[in-house]
Amino acid sequence: MIAGCRSFCCIFISAMVAGLIFFLTCFASPSIAAEGPALVPQPVEVKIESGEFTIGPATKVLYTKGDARLADAADYLAGRLSLAFGEKVAAGPSDAADAADAVPGAILMTTTGADPGLGEEGYTLVVRKNGVVIRAAKAAGAFYGGITLLQLAPPEAFRAPAIVEGKLGGRQTVATPRPADKPNVSKALPVEKLVVPCATIRDKPRFAWRGLLIDPARHFWTIDELKQYVDYLAIHKLNILQIHFTDNSNWTVEVRRYPNLTPEKALNAADPRREKNQTYYDLARHYYTQDELKSLVVFARKRFVTIVPEIEMPGHAGGLLRGCPECGCTVDLTGPDRGEICPGREETYEILRNILEEMLEIFPSQYIHIGADECTKKNWEKCAACRKRMKDEGLENVTGLHGYFVRRMADYLDKKGRTLVGWNEILESGTKPGAIGMCYRVNRKARRQIEMAAAHGQRLVMTPPAHCYFDYWQSPKTEDEPESFPDHRMVTLRQAYELQPLPDYVKRIDPNLVLGVQGTQWCEFMKSFPHVLYQTYPRACAMSEVAWSAEPAEGRDYAEFFHRLQTHLKRLDAAGINYRKPTEIDRPKK
Ligand code: ACM
Ligand code: ZN
């Protein structure tokens, strides 16, 4: 008893000491005032100067003529300030249509005098005692200047009442919530003013594609949850949300021409067709109406986020086959769960064109993702229609047939003025150079394919699982973590941060071929929306810096990022964003 008590005391004291050391390492660094604000992602150039500007509820957010979308950037900034103050902050056009200087006491967004060298998303932010000016060639830059201004202020600048509290989307998500399932409801109270230091900041992103993926096909998230997800991307200067709308498990987009794709009741837990690990909530429907999706597109556009729909084909298409069985092969050797459609039959192409026609109507994105990954292609070897297609088109094998299918979809999208995106497999089977390859495989074989595609001018987005798969575990202490990907595959915060998105073997050919990076939040194991956020953050904070800021060789540094992150996490708290609190294992090594 006594021995047990003593060992308990020892453990307790050791834990306290370890906690204290961790606390000191994280938090007892020089004050922010002494070393500058903790901005995430780190801008290109930050000069903090003497003096302050005080933002209050009466501060106006003004914009000049120029880019019509400056109004969106100004509205968003005024909206966030309104939440921080608990009263409305006004945004509106400046009387001086072409203001070249600060408007006393106001925050001005303007294209006048913007530095063209900062590109379409760059900006300069100048804070003086008498006002703030954000100059940008395009509205997107002004929007990001506004985010940086908010980050110069105390964390309460990101205060946001939770859109949904406790019961997300109006529903209880898991019967026995674990800590990761509980929302991080903001406790921040409205403030009377926000004081920001005088500063001159010049900034632009390293990459144009700064994305995250979410997967409502595996666990369905409501449209409000998707909007929250978009809002959280925007405050990290991320600009693409790829939505994995369809898979073997479900088809989540209303297609008016094919209502059978979206039955009112989704598969229930006892249905043998359901995917492993899939939980279906007791919702009236498990799909988004076209009107809901259009409202999501508008919501995202106001935050300078593009929704890239991913409609999976020819594999991961069980949801499609349930609604449109005429897309299937003449044989089915691999069972319904494999869900591969028939690239031999002409009806398949007709149905897919009809579906995509409706998708293009909803999603104005330049990029349309068709998946194209992980096909066994076994049915195709036996299917009469596939075999005939291979013979007619002179295709050597089923990999050639996959390439033929992808090229036809790329041709269709090309004609509509859009660009096809597909996973690595489109590089393997041979596609058009205009299409974009999203690289989740970077093993030796895949590297050869990526290198060959790059040699042909193919553009790429990098999402290597070892750094970007946020369904992987965040810590080797799995007993402290909610269920994540099998085999304990792991992406620690440090690993997320240490991604080198531009492989040398592509850089040698043309560094501009890598459009950017994407974090991938598959949802097979995410049973609640707070858990999705817990998996996403703070790894997405690290990834935002990979996507926006300099290479490590040019000064990006994990220890320094980790230090800034401590302040940034207070912003996530104020915004009500759930995240995993860093622990010992995340602490930078000396
Ligand atoms: C993938 O992980 N199959 C894209
Ligand atoms: Zn077939």
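All ligand and atom numbering here is 1-based and tracks the order in the structure.
Taking the six-membered ring where tryptophan is involved, the planes of Phe485 and Phe525 are perpendicular, since the angle between them exceeds 60° and thus also 30°. Under the 30°/60° scheme for interplanar angles, the aromatic rings of Phe561 and Tyr497 are found to lie parallel. Between Phe245 and Phe363, the two ring planes are tilted [angle within 30° to 60°].
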Quick one: table the atom pairs, ligand 1 N or O against protein N or O, below 3.5 Å, distance rounded to 0.1 Å.
residue  : atom  : partner : partner atom : Å
ligand 1 : 2 (O) : Tyr469  : OH           : 2.6
ligand 1 : 3 (N) : Asp373  : OD2          : 2.7
ligand 1 : 3 (N) : Glu374  : OE1          : 3.3
ligand 1 : 3 (N) : Glu374  : OE2          : 3.4

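A salt bridge links Asp247 with Arg218: at least one charged nitrogen is closer than 4.0 Å to a carboxylate oxygen. The pair Arg303-Asp231 counts as a salt bridge, with a side-chain nitrogen and a carboxylate oxygen less than 4.0 angstrom apart.
When ring centroids are compared, Trp548 and His236 stay outside the 6.0 Å threshold.
Inside a sphere of radius 2.8 Å centred on the Zn ion (ligand 2), the protein N/O/S atoms present are Cys329 SG, Cys342 SG, Cys383 SG, Cys386 SG.
By the ring pair (Phe, Tyr, Trp, His ring centres under 6.0 Å) test, Phe470 is found to be paired with no residue, residues two or more places apart in sequence or in another chain being considered.
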When the side chains of residues 350-357 are checked against the rest of the protein, which donor-acceptor pairs come out under 3.5 Å, sequence neighbours left out?
residue : atom : partner : partner atom : Å
Asn354  : ND2  : Tyr258  : OH           : 2.9
Asn354  : ND2  : Glu350  : O            : 3.3
Glu357  : OE1  : Tyr412  : OH           : 3.1

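In the model, Tyr440 has a side-chain atom that pairs as donor or acceptor with a side-chain atom of Glu425 under 3.5 Å.
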